[in-house]
Amino acid sequence: MMDRAGEALILADLTDEQRAAVSHGEGPLIVVAGPGSGKTRVITRRVAWLIATGAAPPWQILAITFTNKAAEEMRRRIDDLVGAGTGVLVSTFHSFCARTLRRYGPPGRTESFAIYDEDDQRACVKRVVEELRLDEKVFRPADLLAKISQAKNRMLSAEDYASGALGFRDDTIARVFGKYEEALARFNALDFDDLLLSMVRLLETRQDVRDALRSRYRYILVDEYQDTNLPQARIANLLAGENGNICVVGDPDQSIYRFRGAEILNILDFERAHPAAREVRLERNYRSTKRILAAAQRLIEHNIARRAKTLYTENDEGDPIRVVRCLSDDEEARWVARAVEESIERGTPPGEIAIFYRVAALSRKFEEELRRRAVRHQVVGAVPFFQRKEVKDVLAWLRVLANPADEQQVRRLAALTEGLGPATLRRVEELAAERGLALLEAMRAVGERGDVRPQERRAVERVVQLLDALAERAREGVGPMLRAIIEETGIERALRSSENPQERARAENVRALVDAGYEFDERRARGGAQGDAGGAGDFREFLDHVALLSPADQAEDEFATVKLMTLHAAKGLEFDDVFIVGADAGFLPLEREGEAPDVEEERRLLYVGLTRARRRVTLTTARVRRTYGQDRSCAPSPFLAEIPREAIEQRGAGGDDLDGAYEPLPSFDVPFARGAESFAPARRNGRAERRPPDFAPAVVRAAAARPSDLVPGDRVEHAVFGKGQVVDITGTGIGTRVKVEFDAVGIKTLVLQYANLQRI
DNA sequence: CCATTCGATGTTTTT
DNA sequence: CATCGAATGG
């Protein structure tokens, strides 16, 4: 424990506001922290201060974050201040709940419950939909799941939903909801939302648990409070108790997870829920230049549902924000990649450069372009490793072992097993129904069905035998178990010998999973984890760990690589040089079919993006963007007009200007200057219409024009089809199609754009 | 039972 | 264009 000097040290280099928050005594505290205002610093210092002053021993402090990554980072910073392994619990809501529920048993489940991720959930909904004989086209499992999750976030039960249902569709959703809940209970499973809801129920119904937890965790700190949903806020408040020691930190302007149930009122109305709360506002920004901050501030002031907050900074004026209007998305990618290169040449460390986009699908072109230029880069949160099919296939074996009631996973095993198809499975299910057995038990008894052929019976037995063999090896650790799985099932071998390079990459994932298992064992052997040493608990813990890992957690912050990520993933990070691409109407705010965009939320999203930057921001737009292989013309995002002009330097890439909304400025890079003037841009409020090929913009025509001096009779070569002769050419611009009679494969019609024909 | 092919269909954001 | 699911043929 620290002395007075240590205490002074904790407060030494803080501003008055920061100090007020850090050294707040008992009772509720809300810290409204603007971007770059030293929020994490305040939390970690406060933890240190509580310990140093003896207000609470470390193990009575609970700090809650949203992502594992944030938790890790916070733990690290707390360790730096107070020493490692002091026992401060830093956890995400979900893993804190999972852990507590495992200890006390969630209502209606046993402690060995499975945690269902989105894939599992969808599969489960799908089964319900089939069971109810609904048309999957009309009732798409993913849509239904979204509705169900939404309801759960609002703490509505299936019955609640049913009683509020309007019309047939709602009624049906309510029925699916109910069946889905039944299925989860039967499988002894909880989905992500249930982890929170069960926790609420546990705290509300079990006074002993509530008291135990309250005396255990006397100080609660919640980061990113603006992103809490109803159950999360309820949990935090139940843990804290009335007038308890709850400290919430956040920024309503950075609330960007409404689609997932985040309730911005939790933070806006915190004081109403806690009349005794003290509020501290952190408005000084230490991160960005004056210009960036001014731009962000002016932008966000267009929101109506917010509480005024005025940020300021003592930092430099800085460079203007670049706004670049490109002729096409291809060119945007080229331009950005070049600008990234240039930034690196100017001395920016690659790891200090980031590219943000609204939708993940946009990443591809930038990736390709960076790869072409050999710029090291990394897509953050691209494909969540532990959610890849091959990884989940392997994990399914462990999951069945951990929770044999999980029929969903048992089915998965069946699907993985050669010779065990739907027909055989149905027979096993019938057997289960007849005898009142669990699916897995029925598989053991498969011999009692006369109508299962020996070949199929053997397949079923293989599954059971492997599970038994794995159970035997459970004490050896997760690594050996995983290894046994891939060896016995031959999954890695099968993938590795595939023709398809993508498949072979999957083999690497399987291998990496086994490695992760061994690493887990090692970490555990070193005494890192708590709980029973070795044995069956091990792989359960491994599964929990894996289930609650998010894509963002996979990011390794390598100093040497440029980062690409969605605007959502950018929250909480900072970079010297930020590129926000795809700043087009329709994309930002993102418009979805049949739904009005949530403009304020989208504006906050851009606000988050802008305020990640320390030194430079570049926003890019494209006149023509390709989606579904179709060209659509786009207007710039309306948000661009909300940024003060004096903070902007506007450029057109391709000898073009910004549609008159801004002063025309000299071009930066002019790959396709000519021909641009012949094209009058459609600037219909984003929702660009599909245009016939002849109206294809000049840029694209220029791009496609290169080989189009082809005439019938020319000899050409194609990468796949080999050599051939051009028979006919139809269409113009991007829609140009070439009919080629190939020597080897006969006549094919190719889209000139993609065919990549070489004249010979 | 399985592999291949064809057609339709689709694009947020994530614990 | 890419991916997925269903249909189809072996």
Side-chain angles (χ1 to χ4, degrees), chain A residues 64-71 91-98 115-119 121 126 136-137 140-143 145-146 149 152-153 190-197 199 224 227-229 231-232 255-262 329 356-365 380-381 384 386-387 389 414-415 417-426 453 455-456 459 499 502 544 546-554 565-571 582 586-593 595 597-598 601-602 604-606 608-609 625-632 734 751 753-754:
Chain A
I64 302 179
T65 61
F66 274 81
T67 64
N68 294 290
K69 193 180 175 203
S91 176
T92 64
F93 269 106
H94 292 268
S95 49
F96 176 73
C97 293
I115 299 173
Y116 268 23
D117 70 12
E118 206 181 317
D119 274 353
Q121 289 175 276
K126 193 176 164 189
E136 276 187 52
K137 298 269 158 54
R140 289 210 308 273
D143 293 350
L145 191 58
S149 180
K152 287 186 172 190
N153 284 158
L190 296 177
D191 65 24
F192 285 145
D193 300 318
D194 291 336
L195 288 175
L196 305 173
L197 293 173
M199 184 75 180
E224 309 279 20
D227 287 328
T228 50
N229 61 20
Q232 285 165 331
S255 170
I256 54 173
Y257 283 110
R258 190 166 115 149
F259 70 92
R260 211 176 81 198
D329 50 354
F356 302 153
Y357 31 80
R358 178 63 179 85
V359 295
L362 284 184
S363 72
R364 213 195 67 229
K365 293 213 155 141
V380 173
F386 283 107
Q387 261 149 257
K389 182 178 175 298
T417 305
E418 225 165 283
L420 211 182
T424 310
L425 188 61
R426 187 151 321 115
R453 290 199 300 258
Q455 193 184 333
E456 287 144 4
E499 297 279 306
Q502 271 180 340
D544 277 1
V546 156
L548 297 171
L549 222 50
S550 79
D553 301 326
Q554 303 292 321
M565 67 190 85
T566 63
L567 284 164
H568 283 89
K571 196 182 67 174
F587 274 87
L588 203 68
L590 184 69
E591 286 171 21
R592 277 186 305 180
E593 232 173 309
E595 254 178 277
D598 184 341
E601 173 111 340
E602 299 281 325
R604 288 193 289 267
L605 205 44
L606 180 56
V608 166
R625 206 168 275 287
R626 198 107 126 280
T627 32
Y628 299 100
Q630 283 280 350
D631 286 330
R632 306 176 8 162
I734 191 155
V751 177
Q753 261 280 276
Y754 311 118

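Only this structure's heavy atoms are used, side chains among them; waters, hydrogens and symmetry mates stay out. On a predicted model such as this, the values are computed, not experimentally measured, just so you know. Here is the naming used below: chain letters follow the sequence lines, and residue numbers restart at 1 for every chain.
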Length of the CD-P vector between A:E118 and B:dT13, whole Å: 10 Å
Euclidean distance, atom CZ of residue A:F192 to atom C1' of B:dT14 [Å, nearest integer]: 9 Å
For A:Y357, all residues meeting ring pair (Phe, Tyr, Trp, His ring centres under 6.0 Å), sequence neighbours excluded: none
Gap between atoms CG and P, on A:L196 and B:dT15 respectively (whole Å): 13 Å
A:F93 side chain near A:T65 side chain, heavy-atom distance below 4.5 Å: no
Sugar-phosphate only, base, or nothing, as touched by A:R140 at under 4.0 Å among non-hydrogen atoms: sugar-phosphate
Nearest-neighbour nucleotide for the A:T92 side chain, B:dC1, B:dT15, B:dT13 considered: B:dT15
Salt-bridge criterion met for A:R258 and A:D227 (N-O under 4.0 Å): no
Sugar-phosphate, base or nothing in reach of A:F66, heavy atoms under 4.0 Å: sugar-phosphate
A:E591 CD - B:dT13 P separation (whole Å): 17 Å
Touch class at under 4.0 angstrom, heavy-atom based, for A:F93 against every strand present: nothing
Rounded distance [0.5 Å steps], CZ in A:F192 versus CD in A:E118: 8.5 Å
Integer-rounded Å distance: B:dT14 P and A:R258 CZ: 18 Å
Whichever of A:V359 and A:Q232 has its nearest DNA chain B nucleotide further upstream toward 5': A:V359
Residues in ring pair (Phe, Tyr, Trp, His ring centres under 6.0 Å) contact with A:Y257, at least two apart in sequence or another chain: A:F259, A:H568
Interatomic distance, A:L197 atom CG to A:D191 atom CG [nearest 0.5 angstrom]: 8.0 Å
Spacing of A:L605 atom CG relative to B:dT13 atom C1', expressed in whole Å: 8 Å
Atom pair distance, as rounded to whole Å: NZ in A:K389 and C1' in C:dC4: 13 Å
Side chain of A:E456 - closest among B:dC1, B:dT15, B:dT13: B:dC1
Check: A:L606 and A:L588 side chains under 4.5 Å, non-hydrogen atoms: yes
Side-chain N or O of A:T424 closer than 4.0 Å to phosphate OP1/OP2 of B:dC1: yes
Distance below 4.0 Å between A:T566 side-chain N/O and B:dT14 OP1 or OP2: yes
Within the sub-3.5 Å range, which N or O atoms of nucleotides 2-4 of chain B have a protein N or O partner, and how far apart are they?
| residue | atom | partner | partner atom | Å |
| --- | --- | --- | --- | --- |
| B:dC2 | OP1 | A:G419 | N | 2.7 |

Separation of atom CZ in A:R358 from atom P in B:dT13, rounded to whole Å: 8 Å
